[in-house]
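A short write-up of the structure that comes next.
Below, read A as the first sequence line, B as the second, and so on, with proteins coming before strands; counting in each chain starts at 1.
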Amino acid sequence: MTTALPTAPPPTSLTVVDGLTTNPYGLSPEQFESLGTELDAIRGRVLADRGERDADYIRGVIRAQRGLEVAGRGLLWAGVVPPFWVAGTAALSLSKILDNMEIGHNVMHGQYEWMNDPKLSGKQFEWDTACPADQWRHSHNYMHHTHTNVVGKDRDIGYGVLRMSEDQPWSPYYLGNPLWAALLATFFQYGVALHDLEVERIASGETTLAEKRELLEGIWQKVRRQAFKDYVAFPALSGPLFVFPLAGNATANLVRNLWSFTIIFCGHFPEGTHEFSEEETANETRGQWYHRQLLGSANLSGGRLFHILSGNLSFQIEHHLFPDLPANRYAEISVEVQEICERYGLPYNVGPLHRQFGSVVKKICRLALPDSAGRVSRKLAPLSVGRKIGRGVTNLGRSVLSRRPLRRA
Amino acid sequence: MSPMLDLRPRLRLLDAIAGPHGVDGYLEQLDPLLVTGECRAEVVGVERGTEESVTLTLRPNRAWRGFRAGQFVNVAVEIDGVRHQRCYSPACAEGRGGTLEITTKRHPEGLVSNFLVDRARPGMVVGLSGAEGDFQLPSPRPESILLIGGGSGITPLMAILRTLFAEGYEGGVALLHYAPDPARAIYRAELERLAAAHPNFHLARSYTRAPGAGEIDGHFSPLHLPQADPCFTEAETFACGPPALLDAVRGTWAGGLEHRLHVESFVPPTFVPVGEPGEGAIRFAGAGVEVENSGASLLEQAEAAGLSPSYGCRMGICHTCTCRKRAGTHKNLLTGEVSSAPDEEIQLCVSAALGDLTVEL
């Protein structure tokens, strides 16, 4: 993009515009407009360019996943032999990770719907995890992606069990925040499965279990099928040695749970990501919507294999700007998005996994406690502690999180 | 209870083990033809009969259930990552087993036809639907049969002819065949052989751009009928070809003979005239509702028509309202992209119809 554009005014002070956090970097209405136009242009260009290479890519990943799964199940069948157990569990873990992240999540976004292949239709795909695909499409594609980081609407903020934002009022229950987080990570597939059920709203009496009967039935059917496969059918094939595939399958599910929790929590909770309120986002323009997705998401730096295993959610920013573009395109798009951020003086939050996840863990622990007297509510000081971001370039592995105030473009 | 539980225990176990992708999800990685739940076929023969056409021999997989002479199948190919599907009438004798023969001609804008004419090769795998269409040779066979074909509309008629002769049919058969010139007349040599071998088969051809080269001349006219089949009013008649030919045939059979006439329109991939937003009619096929196109998004128009399609973001993000467009031209309101492709998934909330459009809703 070389179009001459009004240069972003430097974020001279970290104050609020119009009393809202919606615009912490002081973009003018024209800039919001042109930001939307520029990002739409990227989207349009990739849409027009989709073709054989994207089809080959996703089919290649599916082929790898199916191969890993068959190999994993086969090795675990003879899991009594220790190297077989280890290799089988590793292969099955990878298979489940690929199935859920790079295949399931992305296909269900409709990223490959243009191919017209019923097997890659977002509406028909079912994945190897406890959550029924149709419920996921609602809670994730619609609720989370439309209302990203809007406290009270985006239930990915804490999944109804954690306190992940200062805007969630503290209660003694949240003293267990780190423990609840560890449990959620361990049983993440069930946490995701129960997501659309809105357990916390049932607990608070806002809705009843009876109203959620149909959802519950769907979850039960899927959970039962998944459990039967991993914990009854495949172990049974090994006869008296059933315990080896049983343990291998349980381990693979656990590995996938921990990995997907880690990746997903690095998407919106690392230091520097913004949250929004319902009022702030009530009447946003397309440019403002893009802007919210940009500020609410964080990327992970790493190599090609790491990106694939993260389902390209390591490009969370690009994914949130363009949730239905084929994920294999995010890497190339990210170069342009970073350049746009630079020009508009917007942060582009990216860092290696250990740093991003470290800051998420810190946040989980910090928010377990009531907000300290010294801390003021976000609305009064939107860029208080934990909201300063620097910029950098992923591929060079440079740190982007910095304790220093923003550099200017 | 899920339908899965109604199956025999062995299948239940297999399904449970292979879920959620199913046995086919793994088999197709070994060989795309191994799938049991989806009909596919391998191209085993490619014959470029005329410079403009190609005849493919397809060997369907186990999922194929056969066809009746005259019916058509949908053949799906992938071009630059996108699956496209078109109807073709097999030209071979009917039956359940064996191979299928389809012929297609080059067309200036025929994406799939041109792809097959240029790029079809043995070993290629194509998707196949079950056979469809009421245009088929009835059983028991009629006593006399008249066939009228134009252009590549000859293919279902070839299936009828080949089926009849394979069965040793003894009634009278006549074929009126219209083609531009002998070089572009598909199956010309075989038709001549059949006519020579079967005294009960009468062949009359008109080459519309080569007068004098065939038995008759010019476009279809009722005057051609007595030359082909003096008792044409008695015959069960099957006509297949371009719309102009079929209109002329229908006109001739109007007034008391309609019950003897079976027609199949054979047009190249339809080019929906691109209208303006707000023109034409929108048909919600599932609900059987048709409304005048107001130009608003298809989601809004569906709701205004009293339907309740599922939706989410209403801004083209979540794909909750994705629905299959059967035919028509739509414009993506986000990208401005216009597409006339039949059978594609579209997002109702950000799509508007340009002229007539049908969605599966």
Side-chain angles (χ1 to χ4, degrees), chain A residues 40 43-44 47-48 50-56 62-63 65-67 69-70 73 99 104 108-123 125-129 133 137-138 140-147 221-222 225-226 228-229 232-234 236-237 286 289 322-324, chain B residues 1-2 4-5 12-30 32 35 37-38 76-85 127 310-325 332 334-337 339 341-347 349-350 360:
Chain A
D40 274 343
R43 183 185 147 87
L47 283 179
R50 292 174 306 191
E52 204 167 354
R53 109 170 130 113
D54 307 285
D56 288 348
I62 290 174
R63 172 171 286 260
Q65 181 267 318
R66 303 284 147 90
E69 181 171 3
V70 170
R73 303 277 186 197
D99 178 278
M108 285 194 286
H109 262 296
Q111 292 183 358
Y112 300 93
E113 230 149 50
W114 55 274
M115 288 172 63
N116 244 337
D117 179 346
K119 286 198 161 60
L120 293 170
S121 148
K123 285 205 133 174
F125 198 86
E126 188 55 84
W127 54 352
D128 183 11
T129 182
R137 284 186 274 266
H138 175 258
H140 181 79
N141 292 5
Y142 169 43
M143 295 303 282
H144 169 58
H145 272 271
T146 311
H147 306 299
Q221 294 290 345
K222 182 76 194 288
R225 274 201 297 277
Q226 286 293 113
F228 177 77
K229 175 179 69 165
V232 180
F234 274 108
L237 291 178
R286 188 153 181 84
W289 183 85
F322 313 114
D324 59 354
Chain B
M1 258 205 226
S2 72
M4 189 178 90
L5 298 178
R12 269 167 55 189
L13 184 65
L14 202 61
D15 204 45
I17 283 181
H21 306 303
V23 182
D24 283 351
Y26 300 86
L27 287 179
E28 71 176 348
Q29 299 299 335
L30 293 175
V35 295
E38 189 186 329
V77 294
E78 203 170 292
I79 303 171
D80 195 20
V82 183
R83 186 185 163 101
H84 298 271
Q85 193 168 288
S310 51
Y311 67 87
C313 65
R314 305 185 79 97
M315 57 185 290
I317 298 299
C318 73
H319 285 247
T320 306
C321 63
T322 295
C323 193
R324 185 160 278 263
K325 177 186 80 178
N332 184 319
L334 272 185
T335 60
E337 195 188 356
S339 167
D343 284 310
E344 62 176 342
E345 302 278 351
I346 59 171
Q347 293 168 272
C349 68
V350 291
E360 284 179 7

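- Considering only heavy-atom pairs separated by less than 4.5 Å from chain B, the leading option among A:His147, A:His138, A:Arg63 is A:Arg63.
- Contact of A:Trp127 with chain B is made through the backbone alone, with heavy-atom distances under 4.5 Å.
- Looking at A:Asp128, the atoms closer than 4.5 Å to chain B (heavy atoms on both sides) sit in the backbone and in the side chain alike.
- For the residue pair B:Thr322/A:Glu113, the side-chain donor-acceptor check at 3.5 Å is satisfied.
- Of all heavy-atom pairs spanning A:Met108 and A:Asn141, the tightest one is O-ND2, 2.7 Å.
- How far CD of B:Glu78 is from CG of A:Asp117: 6.5 Å, rounded to the nearest 0.5 Å.
- For A:Asp99, the part lying under 4.5 angstrom from a heavy atom of chain B is the side chain only.
- Interface remark: B:His84 contributes no atoms to any contact with chain A (heavy atom separation under 4.5 Å).
- To the nearest 0.5 Å, the span separating CG on A:Asp324 from OH on A:Tyr112 amounts to 11.5 Å.
- Within the 4.5 angstrom heavy-atom criterion, no atom of A:Gln111 approaches chain B.
- The two residues A:Lys229 and B:Gly19 make their nearest non-hydrogen contact at NZ-O, 2.9 Å.
- Residue B:Tyr311 places its OH atom among 12 or fewer non-hydrogen atoms of other residues, nucleotides or ligands, all under 6.0 Å distant.
- Rounding to the nearest 0.5 Å gives a distance of 5.0 Å between CE of A:Met115 and CG of A:Leu120.
- By the side chain to side chain contact (heavy atoms under 4.5 Å, CB included) test, B:Asp24 is found to be paired with B:Leu27, B:Val35, B:Thr36, residues two or more places apart in sequence or in another chain being considered.
- Between chain A and the options B:His21, B:Glu28, B:Gln85, B:Met315, the largest number of non-hydrogen pairs under 4.5 Å is found for B:His21.
- Most heavy-atom pairs under 4.5 Å with chain B: of the set A:Lys123, A:His144, A:Lys222, this distinction falls to A:Lys123.
- Interface residue A:Phe125: only side-chain heavy atoms are found under 4.5 Å from chain B.
- Using a 4.5 Å cut-off between heavy atoms, B:Gln347 contacts chain A through its side chain alone, with no backbone atom that close.
- If you tally non-hydrogen atom pairs under 4.5 Å between each of A:Arg137, A:Arg286, A:Met143, A:His145 and chain B, the highest count goes to A:Arg286.
- Residues satisfying the side chain to side chain contact (heavy atoms under 4.5 Å, CB included) test with B:Glu344, not counting sequence neighbours, are A:Asn116, B:Lys325, B:His330, B:Ser339, B:Ala341, B:Ile346.
- Neither the backbone nor the side chain of B:Arg314 comes within contact range of chain A, judged by heavy atoms closer than 4.5 Å.
- In this structure, chain B has a heavy atom under 4.5 Å from the side chain of A:Arg43, while its backbone stays farther away.
- Proximity to chain A involves both the backbone and the side chain of B:Thr320, based on heavy atoms less than 4.5 angstrom apart.
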